[in-house]
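Below is one structure; the comments refer to it alone.
Lettering of chains follows the sequences in order, A, B, ..., and the numbering in each one begins at 1.
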Amino acid sequence: MNSDSDTKHSRYQLIWQVVRGIPFGQVASYGQVARAAGLARQARLVGYALHHLPAHSDVPWHRVVNAKGKLSFPPHSEQYALQQDLLRAEGIVFIQQTIDLKQFGWQIPSHLDTALF
DNA sequence: AACGTGACAAGGC
DNA sequence: AGCCTTGCCACGT
């Protein structure tokens with residue numbers, strides 16, 4: 001248990017915690033979540049963390065979409081349909097399979113947004 | 001232990 | 001407006 005200890009295991013926890021903070025009816029991009037978790041430029045890690053999410057968790061994984069406002073699943077997959085259903089149930093509207101981030105995108109509190117550059 | 005892959009993103013052409 | 005390249009990090013072969 002040293003300073004370098006928490007590097008390995010806690011990153012996912014950190015990411016999941018941020019995702020829990022996304023409000024009902026809003027969405028955040030992978031990159032946005034990464035920044036809020038203090039992991040700028042590591043959007044891929046967010047996708048990985050969600051992929052490794054245990055079933056029955058209370059993490060609203062469906063509120064994370066890509067930077068274009070689209071779902072990162074194959075358009076005809078069941079995963080796509082599920083995520084879309086969950087989002088629509090929160091009032092989010094899809095136009096041409098795209099979510100208007102201006103309208104539904106989560107505005108991260110500035111104190112969480114670590115520009116890091 | 002090197003290599004490729006992945007629920008991504010930003011910049012260049 | 002698409003397609004390619006590079007950055008980034010964890011994981012399975």
#### Entry: Distance, rounded to the nearest Å, where A:Asn66 contributes CG and B:dA7 contributes P
12 Å
### Query
How many Å lie between OH on A:Tyr30 and C1' on B:dA10, as a whole number?
17 Å
### Query
With rounding to whole Å, what would you report as the distance between C:dG2 and B:dA7 at their P atoms?
22 Å
### Message
From C-beta outward on A:Ser29, which listed nucleotide comes closest to its side chain: B:dA9, B:dG6, B:dA7?
### Response
B:dA9
### Message
Tell me whether the rings of A:Tyr12 and A:Trp16 are parallel (<30°), tilted (30 to 60°) or perpendicular (>60°).
### Response
tilted
### Query
Where the side chain of A:Trp61 is concerned, which of C:dC8, C:dA10, B:dA7 is the nearest nucleotide?
B:dA7
### Task
Check the distance between C:dA10's P and A:Trp16's CH2 and give it to me in whole angstrom.
14 Å
### Task
In whole angstrom, give me the gap between the P atoms of C:dC4 and B:dT5.
16 Å
### Query
For the base of C:dG7, is there a side-chain donor-acceptor partner from A:Arg41 under 3.5 Å away?
no
### Query
So which nucleotide from C:dC11, B:dA9, B:dA7 ends up closest to the side chain of A:Ser72?
B:dA7
### Side-chain H-bond candidate by donor/acceptor type, A:Gln84 with A:His62, under 3.5 Å
no
### Task
Whole angstrom is fine here: how far is it from NZ in A:Lys70 over to C1' in C:dG2?
11 Å
### Query
Between A:Arg20 and A:Gln17, does any side-chain donor sit less than 3.5 Å from a side-chain acceptor?
yes
### Message
Expressed as a whole number of angstroms, how long is the span from A:Leu50:CG to B:dG6:P?
### Response
17 Å
### Task
Give the rounded distance in Å between these two atoms: CZ of A:Arg44 and C1' of C:dA10.
11 Å
### d(NE2, A:His51; C1', B:dA7) in whole Å
8 Å
### Query
Which nucleotide, B:dA7, B:dA10, C:dC9, lies nearest any side-chain atom of A:Leu45?
C:dC9
### Summary
Taken to the nearest 0.5 Å, the spacing of A:Arg11 CZ from A:Leu45 CG works out to 6.5 Å
### Nucleotide nearest A:Tyr12 when distance is taken to its side chain, options B:dA10, C:dA10, B:dA7
C:dA10
### Task
Specify the separation, in whole Å, of atom CZ of A:Arg11 and atom P of C:dC9.
7 Å
### Heavy-atom side-chain contact between A:Ser72 and A:Val65 under 4.5 Å
no
